[in-house]
Amino acid sequence: SCIIVSVPSHAVDYIAGDEDRELMRLQSRGALVALDRQNAQLWLCGDPRGVEQALNRIRNMLQQWEKEYWEHHCARGACYAVIGTGGSNIRQLQSETGAHIQ
């Protein structure tokens, strides 16, 4: 059996892991796992038990990703106020919170 799992496009690399190691771990659970990076989808095929185990791992990873990452889109022109002159607000937020801001 096969299922398709959509993931947030910004979470694709997180789900894949460094050098796609997490994808390899998912496959070791008895499922064939294919990642469509362009469409942010995972294809899980194989033994239903293996597919279910891989799906549970993906769900857990997505929950962790949602705890660690946050994305915000600003209205045109509004980002300048958030960023600050020369990025001063971003540097201050990073310094005070330890967060990594891109």
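Computed from a prediction, not measured in an experiment: that's the story for all the values here.
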Evaluate the side-chain proximity of [Y] to [X]: yes if any heavy-atom separation is below 4.5 Å, no if none is.
X: Met24; Y: Arg21; result: yes
X: Ile3; Y: Leu55; result: yes
X: Trp65; Y: Pro8; result: yes
X: Glu52; Y: Asp47; result: no

Examine Ile4 and Ile58 and state if one hydrophobic cluster contains both, with Ile, Leu, Val, Met, Phe, Trp and Tyr joined whenever side-chain heavy atoms are less than 4.5 Å apart.
-> no

Spell out, yes or no, whether Leu32 and Leu42 are grouped together once hydrophobic residues are joined by side-chain heavy atoms under 4.5 Å, including indirect joins.
-> no

Any chance CD of Gln38 has more than 12 other-residue heavy atoms, nucleotides or ligands included, within less than 6.0 Å?
->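 No, not enclosed.
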
Can you establish whether the number of heavy atoms outside Asn60 located under 6.0 Å from its atom CG is more than 12?
-> yes

Looking only at non-hydrogen atoms, find the nearest pair between [X] and [Y] and report the distance.
X: Tyr14; Y: Met61; answer: CE2-O, 3.4 Å
X: Leu26; Y: Arg57; answer: CD2-CG, 3.5 Å
X: Ala16; Y: Leu35; answer: CB-CD2, 3.8 Å
X: Thr85; Y: Arg91; answer: O-NH2, 4.3 Å
X: Ala11; Y: Leu62; answer: CB-CD2, 4.2 Å
X: Val33; Y: Gln27; answer: O-NE2, 3.0 Å

Hey, mind stepping through Asp13 and Arg37 against side-chain contact (heavy atoms from CB on, under 4.5 Å) and telling me if it holds?
-> CA-CA 8 Å; Asp13 289 332; Arg37 290 178 189 271; 2.7 Å; yes

Any donor-acceptor N/O pair, Thr97 side chain to Leu93 backbone, under 3.5 Å | yes

Would you give the length of the straight line joining atom OG of Ser9 to atom CG of Asn39, rounded to the nearest 0.5 angstrom?
-> 10.5 Å

Cationic N near anionic O, under 4.0 Å, Glu22 to Arg25 |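 Salt bridge flag = yes for Arg25 with Glu22.
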
